[in-house]
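Letters A, B, ... are given to chains in the order of the sequence lines, protein chains preceding strands, and every chain is numbered from 1.
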Amino acid sequence: MNGEDPQERPEQIRNIINGLERYNPQAAEILEGYLQQQCEEKFCDCNANRALLKLYQLNPDRIKDEVVTNILVKAMTQFPSAQFSLALHLLSPSHSNPGPNSSSDLTEAVSKLRDLNLQLESAQYARFWATMDSDDIYADLTTDIAGFEEMIRVRIAQLVSQAYREVEVSVLESWLGLDSEDEVKKFAIETCGWRIGDNGMIQIPRNPENEAKKTEIKEDVTIDMFSRVIKRAWEESA
Amino acid sequence: MSAFQNGMAPVRAMEDDSDVEEEALVADYREQVQYEGGMDDVDQALLAQQTDDIQAKLAQAAQPLDFQATLETKFQSYDNYCGLFHFILNSESGPVDLEPPSYYWAWDVIDEFIYQFNTFSSYRARIARQGNNEEEAQILRENPNTWGCYSVLNVLYSLIQKSQITEQLAAMRRNEDPMLVAGPYGSKNLYRMLGYFSIIGLLRVHCLLGDFSLALKTLDDIELNKKAMFARVMAAHFTTYYYVGFSYMMMRRYADAIRMFSHILVYVSRTKNFQKNTQYDSISKKNDQMLALIAICVAFQPTRLDDTIHTALREKYGDQLLKLQRGGPESLPVYEELFKLACPKFISPVPPDFDRPEANVDPIDHHLSIFMEEVKTNMWSPTVKSYLRLYTTMDLMTLAGFLDVKPEELRSWLLVNKQRTKQLRWTDNGLLEGDWVNISDLDYAMQGDLIHISEAKMGRKLVDWYLRNLSRTYA
């Protein structure tokens, strides 16, 4: 559900991440190939990617900058979740915290991606698209990930559907980073299966998440819960 | 070894653990403590008699290194461990025929081994950061593999493999005799205990390196309940729950983290009256750390705590907890303070850059900064929630006016708060497993700018309270 494990994982990859092979520096190449496949085929195996970051952590001479950033971008598409953070924790402290006079390309890229991720995590979607447009570096960083913008858009729509029953077209337009109301409507109807209501708002079908039903949590009391007390009382009187 | 055999009892979820078992464990622990008390003299007499070199080495491996040990002593200690483990693992005539000096010896050895690795790595990083001790920096630069991460991992994994402990634990879960799969090494106490505690050691090392999900995965074969073997050794019991709880917290699984910390804190509060003083000092420090972590988790996810913990928390961190619960920018320094005070002493697995002191960032700051991003993302949730609780419907513009923020900003806060109410929570099987559940009693949905709010009514929970008090009266 959150990109931790895909439904199926190639046996070779399974053997690496579940065994001692995960410490073999040579496994990095295989995991890099697998990441490439994830980028092209639009699926995500954050668990396997962390195994690769772990190898980099132990063998810093093997680090490939673009692999690290691709892993981060992949993890970012799983927002909101801990995936991006979990990947960051495995980076070397010097890569994720730019020092005063030690700034490499990787450090800068990581810090840019952290900003982007933060905007997605804190649901500032309009700001996210503005940031994406503000600098060519973002396009460079996400270029290897097929369908990146579309994935983000679908994810945002999904999250909106969990919180909204009706949403204004203009609000959705800014969140989805689309250029016109027509495009928004097209996306809402064709991709999401929503419809436009008579009041001009976008109607989102009811689901368990956007119902906000009243519930009452009661305690279920069964005789079993008292079995020990009863047993004890019985034993003591006997 | 009775605990080990106890572990063969049917699989049982932790929450099913009865008070009877806990009572038994507490009593058992009290016995051990008192027993040890009387053993000291005998022990020493015994040691003095032992002319056997290897027995002395075994005992020494479990001894803490002096706090102010020199670099040379640390190197020496590393060599000693390598020698000892080499002897145990690669003896040509099959398994070494030795009995561990005590039932907690294996824990002490692994614990001390990792502790020294941890302090050595931190020390090395500090020398590099400060850059004013050229002499030691030079020694460290020339010996990058001493206390190296690969060799420490290697020792732990080798002990696990040699003892077939994973297979043994799996057999026990199937209610089969572990001896059938233990092999020539694993059937010996020495190997089995070292293997078992190496698993807990791995949990700790992975956590120190910032790999929290791998840390939890390591415990796949160990069931966390009061019958587990580690529960017999107080320090092991305590350490396991601290690292598991911390890893859960870093994975944003606050409900599970709270469950872990609560379990162990309640247990400690029940046993503290008969802890020996020296042992209690170290436990008391970790105890406070876990209270701080519970404060953080409860701020993320308001939860009703056990009365004992709640009281202790208010006594120890009352002011801080209030600030955390209020949220907003004022809470940020408090989060930082508590995190720094309570987190493990994170390390970096590779030698630092001695030539550029300024390029070395303290791993604690690294992990803290990532954690703080999540804190900042969530810092407005308490404010939002406190207002929503007062209404059943609310206009977004009105609320934005109350809070003095732009509507756009408020929409983000509402979305964030709503998204975080869904959390993975453990129910069964491995620690990483779980179900997605809604953990908040407050729910809402938006219809344009109209917020519909519903609050779950909590019926009073009386059964647990009643049972506890009843058993107290009986006892």
Q. Quick one: do Arg127(A) and Glu409(B) make a salt bridge, cutoff under 4.0 Å?
A. yes
Q.
Can you tell me which portion of Tyr150(B) sits under 4.5 Å from chain A's heavy atoms? Options are side chain, backbone, both or neither.
A. side chain
Q) By a 4.5 Å heavy-atom criterion (distance strictly below it), what part of Tyr444(B) contacts chain A: side chain, backbone, both, or neither? A) backbone
Q: Under 4.5 Å heavy-atom distance to chain A, tell me which part of Lys217(B) shows up: side chain, backbone, both or neither.
A: side chain
Q: Please test Leu20(A) against Gln161(B) for side chain to side chain contact (heavy atoms under 4.5 Å, CB included), starting from the C-alpha separation and ending with a verdict.
A: CA-CA 10 Å; Leu20(A) 286 182; Gln161(B) 281 194 318; 3.5 Å; yes
Q | Ion pair Glu121(A)/Arg420(B), N-O distance below 4.0 Å | A | yes
Q: Tell me, out of Ile17(A), Asn117(A), Asn59(A), Leu53(A), who's got the most heavy-atom pairs with chain B below 4.5 Å.
A: Asn59(A)
Q: Taking the side chain as every heavy atom from C-beta outward, state whether Asp449(B) and Glu168(A) have any pair of such atoms under 4.5 Å apart.
A: yes
Q. Is the number of heavy atoms from other residues, nucleotides or ligands under 6.0 Å of Arg425(B) CZ greater than 12?
A. no
Q: Please determine, among Val171(A), Leu58(A), Val160(A), Asn18(A), the option with the most heavy-atom pairs under 4.5 Å with chain B.
A: Leu58(A)
Q) In terms of heavy-atom pairs under 4.5 Å with chain B, which of Met201(A), Gln124(A), Lys54(A), Arg50(A) leads? A) Lys54(A)
Q) Which of the residues Val463(B), Thr377(B), Val350(B) is involved in the greatest number of heavy-atom pairs with chain A at under 4.5 angstrom? A) Val463(B)
Q. Once the angle between the rings of His367(B) and His89(A) is folded into 0 to 90°, is it parallel (under 30°), tilted (30 to 60°) or perpendicular (over 60°)?
A. parallel
Q) What part of Glu374(B) gets closer than 4.5 Å to chain A, counting heavy atoms only: side chain, backbone, both or neither? A) side chain
Q) Do you know which of Asn210(A), Leu88(A), Ile202(A), Val167(A) has the most heavy-atom pairs under 4.5 Å to chain B? A) Leu88(A)
Q.
Within the structure provided, determine whether Arg114(A) and Ser369(B) are in side-chain contact (heavy-atom separation under 4.5 Å).
A. yes
(Q) Is Ile204(A) close to chain B through its backbone or its side chain, or both, or neither, when contacts mean heavy atoms under 4.5 Å? (A) neither
Q. Roughly how far apart are Leu414(B) CG and Tyr164(A) OH, rounded to 0.5 Å?
A. 7.0 Å
**Q.** 4.5 Å side-chain heavy-atom contact, Asp211(B) and Leu90(A)
**A.** yes
Q) What's the spacing between Leu86(A) CG and Met250(B) CE if we round to 0.5 Å? A) 8.5 Å
Q: Fit a plane to each ring of His206(B) and Tyr23(A), take the angle between them on a 0 to 90° scale, and name the class: parallel (under 30°), tilted (30 to 60°) or perpendicular (over 60°).
A: parallel
Q.
Nearest 0.5 Å, please: how far is CE in Met379(B) from OG in Ser122(A)?
A. 10.0 Å
**Q.** Per-residue contact mode, Leu214(B) against chain A (heavy atom under 4.5 angstrom)
**A.** side chain
Q. Any ion pair linking Lys418(B) and Glu209(A) (charged N to carboxylate O, less than 4.0 Å)?
A. no
Q: Return yes when atom CD1 of Ile223(A) has more than 12 non-hydrogen atoms of other residues, nucleotides or ligands closer than 6.0 Å, and no otherwise.
A: no
**Q.** side chain to side chain contact (heavy atoms under 4.5 Å, CB included) assessment of Tyr125(A) paired with Glu408(B)
**A.** CA-CA 10 Å; Tyr125(A) 307 128; Glu408(B) 188 52 43; over 6 Å; no
(Q) Could you measure the distance from the CD atom of Glu4(A) to the OG atom of Ser213(B)? Nearest 0.5 Å is fine. (A) 5.5 Å
**Q.** For Ser412(B) against Ala123(A), the heavy-atom pair lying closest together
**A.** OG-O, 2.9 Å
Q. After noting the C-alpha distance and the side-chain angles of Glu166(A) and Met446(B), does the key distance pass the side chain to side chain contact (heavy atoms under 4.5 Å, CB included) rule?
A. CA-CA 7 Å; Glu166(A) 262 185 32; Met446(B) 271 87 78; over 6 Å; no
Q | chain A contact via Ile453(B) - side chain, backbone, both or neither, heavy atoms under 4.5 Å | A | backbone
Q) Where is the tightest heavy-atom contact between Leu159(A) and Leu415(B), given as atom of each residue plus distance? A) O-CD2, 4.5 Å
Q.
Shorter than 4.5 Å, heavy atoms on both sides: which option in Ser174(A), Pro60(A), Ala126(A), Ala163(A) has the most such pairs with chain B?
A. Ala163(A)
Q) Heavy-atom distance under 4.5 Å to chain A: side chain of Gln419(B), backbone, both or neither? A) side chain
**Q.** Distance-minimising heavy-atom pair for Met251(B) and Ala82(A)
**A.** O-CB, 3.8 Å
Q.
Side chains of Ser85(A) and Arg252(B): any donor to acceptor distance under 3.5 Å?
A. yes
Q: For Arg356(B) and Ser94(A), test the side chains for any donor-to-acceptor distance below 3.5 angstrom and give the result as yes or no.
A: no
